[in-house]
Amino acid sequence: MRTRPRRAVVTAVALFAAVGTLPAAAAQDRHAQHHPSHGGLSATIRYTEYGIPHILAKNYADLGFGTGWAQAADQVCALADGFVTVRGERSRYFGADAASDSALSSATKNLAGDLYFRGVREAGTVERLMAEPAPRGPSREVKDLMRGFAAGYNTWLEKNRITDPACKDADWVRPVTVQDVAARSFALAVLGGQGRAVDGITAAQPPVSTTPTAGAPDARDTARAARELFAADTADMGSNAVAFSGATTANGRGLLLGNPHYPWQGGRRFWQSQQTIPGELNIAGGSLLGSATISIGHNAQVAWSHTVATGVPLNLHQLTLDPSDPTAYLVDGRPERMTRREVTVAVRGGAPVTRTQWWTRYGPVVTSLGATLPLPWTTTTAYALNDPNATNLRGSDTALGFSKARGTSDVLGALRRTQGLPWVNTIAADSRGHTLFTQSQVLPRITDELAQRCSTPLGKVTYPASGVAVLDGSRGDCALGSDPDAVQPGIFGPAKMPVLKDAPYAENSNDSAWLANAERPLTGYERVFGTLGTQRTLRTRGALQDVSAMAARGKLTVRDLQAQQFANRVPAGDLVAADAATACAALPGGTATGSDGKAVDVREACGVLAAWDHSVNTGSRGALLFDRLWRRLPVAQLWKVPFSAANPVNTPNTLNTASPAFATALADTVAELRAAGIALDSRLGEHQFVVRNGKRIPVPGGTESLGVWNKVEPVWDPAGGGYTEVTTGSSYIQAVGWDGGRCPVARTLLTYSQSSNPDSPHFSDQTRLFSEKRWVTSRFCEKDILTSPALRIVRVRS
């Protein structure tokens, strides 16, 4: 057993010397032929099918160099755009009022985003975090990866001509520093905290009058807005993942299917690679752009994926202000002055803009969490936002720990040691048949007891409704405190995290940890982690039905994972399509009245709904009709049988066809499709597609509310032919298992392909695979890499 890894190491090391002797078919890219400088960085990149790079390096700095170079080759414009964001320079290049970069914050306009990120930079926040000794700060290996990444990106810029029209000849594409790379990691860490409140942080200004102003926001409206705000996260980012234990598989080894739902455009895309340091590291998977580590992936012994978690990574402190000064607040009766941060942003075509930001011991003063959740700063009250991830730059070390893991116990150990994940769950399986689910997040240490004791009247409504705690900031005894096993003050330690080990299956589809396994519910966690005993989404219900049936059937293989990914079953259709068809056929005269008062002949729709196969394959007839109908049905009047915590996977159910809203929705749907010239029984792929280089590529899958595992969120443009683009959905997909050999059995798919450059041969090649339900066979072992018919080897040096 010990000779096998040694052989792999010898093969990889030998390749450094052998690369120069390969035949012309595998010759190096001309643009990459640089002469090494003394003390420079270098890496060897082996490209296989679909442009997937296998990066071979001697150390972490060299590995970061190869990763930065290869990412730039595929995604230079998306990367450069993100670096402009974290430098706070979007207003300088694109204008202050233009829409901001939604990949790295919630800022609605460039000016707000720039004020926030310039403030972070001028405060030296990232530098202080980089200087923290591990584990509070990044390890030496991660710092070397970041240093190498910046050098690799810069070397690519120096040696190559940009052809992507998105940034060709753009003056905002510039070399980057290690600080820029680290700042991008910081932006991802605070995405669910300060990042979601950028507009509210940068707009916060004290009242200009001493006259009493409006009181506290309405508690019930705020609670509803908070609940909707955090529930809406899965519209932008979501995911499914399931791990099967050896008790359910054909060979007693584990299986993992990861299906993250992330944006298809911009700076939050995944990028696929393999990273190898012989004898030290060998990992394959998907990285978020700008990251030097693998975010979701597998090595020879373990595979993991992430799903966006329900934990709320922020809380609010309601401040009682000094009656004589709205920029001072009271703690235990003593006034504390807020800290002023003057931030200046350069603006294209105009004078620089300077704004003041206000900070407290708890964090920045904030006047909103999104447009629907105002938090007014009055003469008596203000709100400060606590985001524990604003002191967390440990995510890359968590990912690196996963990369080195030999089993699920090591994955859990890496989480406990580094505590770096801000807003995701982890699901893992290993070659010995173990499984793991854990919601190991960096969350503010809001216990239910603390919330009960210290919530303001507003918090007493928002916390149970949404998990957003609003604590009394005037009381010192309402501080968050510390857990002895926590790596930083004010967060939960690992002992408080929901964990499920070695269940026959462990699954999550963005609901709380409660039903990671429906037969072994997780309980006992605090409300800030998520809910217990509440209604699950249809995607969770459908997933649990599918994976529990798979586990019960047993003898599972990677092929079963592939089949699950592309089953494209519509749980909503199974629940209501037959009843909808029956109710449709019973309408008097075959007509229904639309919301405009006009009668619509719906008889054709009845037959289409009855014949539909309850799937969202590209060839499914009736899927588009049902999709458009389902979106119109009012949730409040949808079900006859309500939710029951005793039967959470199968309730609520039974469509309420007696509601007048059903006939109205049906009429409006039929009228809409006919007005657009779309046949009611058309194939889904004829009207759900993306256009790449002028060619339509049909897209399978369906929207969140349908409950489809293979989620896609397309844009409705009936004048353009139907659903004409995908904003978010299935992204880097992996189905991984083991057969006892040296190499894992892995199939992968990057739905939107490796490159966003339309001139690249890898702009849409995997998108066509996705359309056809085809997969990429992973080339993990050296023999598989070197025998690839598409092999192209590039040696890069600084």
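This one's a predicted model, so the numbers in the text were calculated from it and none came from an experiment. All residue numbers refer to positions in the sequence shown, counting from 1.
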Is the F770 ring parallel, tilted or perpendicular to the F566 ring (thresholds 30°, 60°)?
-> tilted
Tell me, do Q71 and F149 make a side-chain contact under 4.5 Å, heavy atoms counted?
-> yes
Can any side-chain N or O of S756 pair as donor or acceptor with the backbone N or O of Q75 at less than 3.5 Å?
-> no
Hey, could you give me the OH/OG distance between Y505 and S245, rounded to the nearest 0.5 Å?
-> 11.5 Å
Kindly assign one of parallel, tilted or perpendicular to the pair H298 and F780, based on the angle between their ring planes and the thresholds 30° and 60°.
-> tilted
R779 pairs by side chain to side chain contact (heavy atoms under 4.5 Å, CB included) with which of L791, I52, T787?
-> T787
Can you tell me if W69 uses its side chain to pair, donor with acceptor, with the backbone of A151 under 3.5 Å?
-> no
Could you point out which residue of V712, T767, T751 forms a side chain to side chain contact (heavy atoms under 4.5 Å, CB included) with V726?
-> V712
Going through the distances and angles, do S403 and Q275 end up as a side-chain hydrogen bond (donor to acceptor under 3.5 Å, both in side chains)?
-> CA-CA 9 Å; S403 298; Q275 296 182 322; 5.6 Å; no
Check side-chain contact (heavy atoms from CB on, under 4.5 Å) between V745 and all other residues, then give those that pass, not counting sequence neighbours.
-> V558, D739, R747
Please report the shortest heavy-atom distance between A309 and N425, naming the atom on each side.
-> CB-OD1, 3.3 Å
Would you call W775 and I733 a side-chain contact if the rule is heavy atoms closer than 4.5 Å?
-> yes
Go through E782 and R742 one step at a time and tell me if the salt bridge (Lys or Arg N to Asp or Glu O under 4.0 Å) criterion holds.
-> CA-CA 11 Å; E782 286 295 313; R742 292 174 54 193; over 6 Å; no
Verify whether one side chain among S509 and E507 offers a donor that lies under 3.5 Å from an acceptor in the other.
-> yes
Verify, without hydrogens or angle tests, whether N299 (side chain) and A405 (backbone) share a donor-acceptor contact under 3.5 angstrom.
-> yes
Do Y153 and V76 have side chains that get closer than 4.5 Å, going by heavy atoms?
-> yes
Start with the C-alpha distance between W709 and Q565, add both sets of side-chain angles, then the distance that settles side-chain hydrogen bond (donor to acceptor under 3.5 Å, both in side chains), and finish with yes or no.
-> CA-CA 7 Å; W709 178 283; Q565 175 60 42; 3.0 Å; yes
Dump the intermediate steps for side-chain hydrogen bond (donor to acceptor under 3.5 Å, both in side chains) on T163 and N757, then the final yes or no.
-> CA-CA 8 Å; T163 62; N757 182 357; 3.0 Å; yes
Give the intermediate values and the outcome of side chain to side chain contact (heavy atoms under 4.5 Å, CB included) for residues F244 and D560.
-> CA-CA 11 Å; F244 290 102; D560 293 295; over 6 Å; no
R140 with D144: basic N within carboxylate O range, under 4.0 Å = yes
Does some side-chain heavy atom of Q766 sit less than 4.5 Å from a side-chain heavy atom of L749?
-> yes
Stepwise, does the side chain to side chain contact (heavy atoms under 4.5 Å, CB included) test hold for S440 with T426?
-> CA-CA 7 Å; S440 293; T426 301; 5.8 Å; no
Please confirm whether the backbone N or O of S760 pairs with a side-chain atom of Q754, one donor and one acceptor, at under 3.5 Å?
-> no
Charged tip of R792 within 45° of Y47 ring normal and under 6.0 Å | yes
Sequence neighbours excluded - salt bridge (Lys or Arg N to Asp or Glu O under 4.0 Å) pairs with any residue from residues 767-776 | E772-R774
Distance from S295 atom OG to L188 atom CG, nearest 0.5 Å?
-> 8.5 Å
Side-chain heavy atoms of Y752 within contact of S731, under 4.5 Å = yes
Compare all side-chain heavy atoms of D410 with those of V302 and state whether any distance is below 4.5 angstrom.
-> no
Between A78 and L289, the two heavy atoms sitting closest are CB-CD1, 3.8 Å
Side chain to side chain, M550 and V242, heavy atoms closer than 4.5 Å = no
Ring geometry between F402 and H306 (parallel below 30°, tilted from 30 to 60°, perpendicular above 60°) = tilted
Should W271 and T67 count as side-chain neighbours, where that means a heavy-atom distance under 4.5 Å?
-> yes
Does T276 use its side chain to pair, donor to acceptor, with the backbone of N282 at less than 3.5 Å?
-> no
Residues 126-139, side-chain donor-acceptor partners within the protein, below 3.5 Å, at least two apart:
from : atom 1 : to   : atom 2 : distance (Å)
E127 : OE2    : Q179 : NE2    : 2.6
R128 : NH1    : A123 : O      : 2.6
S139 : OG     : E141 : OE1    : 3.3
S139 : OG     : V142 : N      : 3.3
S139 : OG     : D397 : OD1    : 2.5

Determine, step by step, whether N510 and T307 satisfy the side-chain hydrogen bond (donor to acceptor under 3.5 Å, both in side chains) criterion, reporting the C-alpha distance in whole Å, the side-chain angles of both residues, the deciding distance to 0.1 Å, and the verdict.
-> CA-CA 6 Å; N510 306 124; T307 60; 4.5 Å; no
S788 and side chain to side chain donor-acceptor pair (under 3.5 Å): which partner among E49, R46, H54?
-> E49
Is the closest side-chain donor-acceptor distance between Q301 and S431 under 3.5 Å?
-> no
